[in-house]
Undergrad: 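Sharing a structure here in structure tokens format.
Values in this document were obtained by computation on a predicted structure and should not be read as measured data.
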Amino acid sequence: IDNSFFVFYINNDTEDLEMHNFDLSGTSLLDEDPKVICSTYNWKADDFTFSENYFYAIVSDANENLVFHKCNFEGEILNTITHNTELSNNGLQVFDQDVDFVSYFGYTPNLESYLLILNEDSISEPIYYLPENSTNYWGEKYYLDDNFTFTGYCNVGDKEIYTMRKTDNTTIVNTIRDVEYQMIQPTLAKKNSNLAAFWHSSEDDAIMIQEYNENGNPQYPTNGIELIDGKSNFKIFDDKIFIFDAPSNSSNANIFCYDFDGELLWNEQFTVTEGYHGHLGMYPFYDGYIFTLVTNYPDFTSHKLEYIAFDEDGLLWPETVTLEEENVTSFSSPKMKGNNLFFRYNNIVYNFLINPDGTYSEPIILAENSDLLYISGNENKFFVITRYGTSATRKLHYFEDSVLMWDEA
């Protein structure tokens, strides 16, 4: 916010929830540093949810009741609402509306799931329960036409994927499909005026689709319909479905581009190093996208990191670009953001910048004796978070327009 960033954590010595606010040079912007927000009573308070002008911190009180602290970004508590139910977990989604919504499930014998309406100074009674003996995880949340939709999976014997549509008068649950012995979270996107769910079905060996209209009603049979037959790995960018296929022990790889109606727009084949292919990824890249993969040589003595760029019309380069370092025995989970590619080998985290033509800068060492944990931010301003060894120390590396801005993490 305003070229500053926030760090929230629980102080293990005091059990207090504390907050820092730094500008991009690392200078504190708070009168108190750190700002103590509240006590957590040693309850795991790692669920934060943010709106434009406020956020909720979810903690517990001495009686283990669920407590919602509505706070501003100075760390001041604007309002506190307590719900007298013992909980095992919770998930909160804040919308910048007059009313906020929360879903969670409790310690009751059947692990029943609840949906609550959270007003400015009160919280409603539970207005929805999942079936008995169920455990619910709602992964995606959307706000549509002054109502809300949750999508996730539910364990009831075999796993099932549900979508829940809440309107003013009713709650409707639809099963997207039954899942036997596997866990699948659908990718959601707007398709015209509908909400569309896309997922891969091992049983049908196809990418499936289900659509829900403005009233939350499914447009296809319960288990959806086949959209693209014989395909599995996919990403959705800008109303296009991109499918990548890189069979191991083959030098041939393909990228397919489909529209949301399942019509093939283009398919291009390119050559990769033969061997075992892993860590496949697709990311935004300048005005297009980039495909990355790691190839283990057949004898597993060394690895290659390869990539190629494409846009909605096809491949942008005639062949892949290879980053091949001497004596490299392992590339660990490459990650990309803002045209920077990050990877770890030999416990060292490296970073290099990829140019639009595929050329790249010399890899620089970002962190030694470290793990590459995750990247937080948008394409232009982001943090790379690394962990030193096996310690609790985290280091933040700030990038702006693909340039590392801090000499010291």
Side-chain angles (χ1 to χ4, degrees), residues 1-62 67-81 90 92-96 100 120 335 337-338 340 342 344 349 351 353 364-409:
I1 298 178
D2 297 328
N3 287 320
S4 69
F5 67 96
F6 295 82
V7 180
F8 299 89
Y9 60 95
I10 296 176
N11 186 318
N12 290 328
D13 295 327
T14 65
E15 298 180 1
D16 289 335
L17 175 62
E18 298 180 354
M19 178 181 86
H20 288 289
N21 181 204
F22 299 110
D23 65 18
L24 297 182
S25 65
T27 303
S28 176
L29 301 178
L30 297 173
D31 294 334
E32 302 174 50
D33 184 14
K35 172 69 175 180
V36 177
I37 297 176
C38 63
S39 175
T40 65
Y41 293 93
N42 202 27
W43 203 78
K44 190 176 181 181
D46 60 356
D47 279 311
F48 293 90
T49 184
F50 298 94
S51 185
E52 183 176 354
N53 301 312
Y54 62 91
F55 66 91
Y56 274 100
I58 311 170
V59 298
S60 64
D61 61 17
V67 178
F68 299 94
H69 288 306
K70 187 174 184 178
C71 308
N72 61 23
F73 285 98
E74 283 73 47
E76 300 169 338
I77 297 177
L78 305 176
N79 192 28
T80 297
I81 301 174
N90 59 81
L92 176 67
Q93 178 71 45
V94 168
F95 302 100
D96 196 13
D100 300 320
E120 184 65 31
K335 296 177 174 60
K337 186 71 115 173
N340 293 79
F342 303 91
R344 179 178 68 92
V349 178
N351 154 240
L353 180 67
I364 64 171
I365 294 177
L366 194 66
E368 296 185 87
N369 189 28
S370 297
D371 287 330
L372 174 59
L373 295 185
Y374 59 93
I375 302 174
S376 177
N378 57 37
E379 295 300 313
N380 298 320
K381 296 181 179 182
F382 59 88
F383 291 99
V384 178
I385 292 85
T386 59
R387 177 180 62 194
Y388 181 75
T390 58
S391 71
T393 300
R394 303 294 193 270
K395 292 188 176 182
L396 278 70
H397 315 263
Y398 175 62
F399 287 78
E400 188 169 320
D401 295 327
S402 296
V403 177
L404 179 62
M405 303 302 292
W406 296 345
D407 293 332
E408 297 292 334

Undergrad: Backbone N or O of S25 within a donor-acceptor pair of the T27 side chain at under 3.5 Å?
TA: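 No, the answer is negative, given that no donor and acceptor are paired below the 3.5 Å cut-off.
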
Undergrad: Is a donor from one side chain sitting under 3.5 angstrom from an acceptor on the other, for T386 and H397?
TA: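 Checked: T386/H397 side chains pair up, N/O donor to acceptor below 3.5 Å.
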
Undergrad: For G377 and K337, which heavy atoms make the closest approach, and how far apart are they?
TA: O-NZ, 3.1 Å

Undergrad: Could K35 and E18 be called an ion pair, given the rule that one side-chain N must be under 4.0 Å from one carboxylate O?
TA: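 No salt bridge links K35 with E18.
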
Undergrad: May I ask you to check if K70 and Y54 form a cation-pi contact, with NZ or CZ under 6.0 angstrom from the six-membered ring centre and within 45° of the axis?
TA: yes

Undergrad: Distance check, rounded to the nearest 0.5 Å: L373 atom CG versus K335 atom NZ?
TA: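 It comes to 8.0 Å.
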
Undergrad: Find the distance between SG (C71) and CG (N53) and round it off to the nearest 0.5 Å.
TA: 13.5 Å

Undergrad: To the nearest 0.5 Å, what is the distance between CD (E76) and NE2 (H69)?
TA: 14.0 Å

Undergrad: Is it the case that atom CG in N378 sees more than 12 heavy atoms from other parts of the structure closer than 6.0 Å?
TA: yes

Undergrad: Is it the case that N21 and S4 place a side-chain donor and acceptor less than 3.5 Å from each other?
TA: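 Looking only at side-chain atoms, S4 and N21 do form a donor-acceptor pair, the distance falling under 3.5 Å.
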
Undergrad: What distance do L78 atom CG and N72 atom CG have between them, rounded to the nearest 0.5 Å?
TA: 4.5 Å

Undergrad: Do F399 and K381 have side chains that approach each other closer than 4.5 Å (heavy atoms only, starting at C-beta)?
TA: no

Undergrad: Would you please classify the geometry between the F383 ring and the Y398 ring as parallel, tilted or perpendicular, with 30° and 60° separating the classes?
TA: tilted

Undergrad: Taking the side chain as everything from C-beta on, heavy atoms only, tell me whether L29 gets closer than 4.5 Å to F22.
TA: no

Undergrad: State, with a plain yes or no, whether a side-chain heavy atom of D31 is found less than 4.5 Å away from one of E74.
TA: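 No, side chains not in contact.
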
Undergrad: Apply side-chain contact (heavy atoms from CB on, under 4.5 Å) to L366 and L404, showing your working.
TA: CA-CA 9 Å; L366 194 66; L404 179 62; 4.0 Å; yes

Undergrad: I want to know whether Y374 and F382 have ring centres closer than 6.0 Å.
TA: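 They do not qualify: ring centres at least 6.0 Å apart.
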
Undergrad: Determine yes or no for a side-chain-to-main-chain donor-acceptor pair under 3.5 angstrom, with N380 supplying the side chain and D401 the backbone.
TA: no

Undergrad: Quick check for you: to the nearest 0.5 Å, what is the distance between M405 atom CE and L24 atom CG?
TA: 8.0 Å

Undergrad: Is any side-chain heavy atom of V59 less than 4.5 Å from a side-chain heavy atom of C38?
TA: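 Side chain of V59 against side chain of C38, heavy atoms only: contact under 4.5 Å found.
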
Undergrad: Nearest heavy-atom pair of G338 and E379: which atoms, and what distance?
TA: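 Closest approach of G338 to E379, heavy atoms only: N-OE1, 3.0 Å.
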
Undergrad: Less than 4.5 Å apart, any side-chain heavy atom of T40 and any of D16?
TA: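 Not in contact.
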
Undergrad: Measuring from R394:CZ to R387:CZ, what's the distance to the nearest 0.5 Å?
TA: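 Here the rounded value is 5.5 Å.
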
Undergrad: Looking at F8 versus F55, is the centre-to-centre ring distance below 6.0 Å?
TA: yes

Undergrad: Do the rings of W406 and F5 sit parallel, tilted or perpendicular, given the 30° and 60° boundaries?
TA: tilted

Undergrad: Tell me, with the steps shown, if H20 and D33 meet side-chain contact (heavy atoms from CB on, under 4.5 Å).
TA: CA-CA 6 Å; H20 288 289; D33 184 14; 2.6 Å; yes

Undergrad: Would you call I37 and I77 a side-chain contact if the rule is heavy atoms closer than 4.5 Å?
TA: yes

Undergrad: With a sphere of 6.0 Å drawn around CZ of F73, does it hold more than 12 non-hydrogen atoms of other residues, nucleotides or ligands?
TA: yes

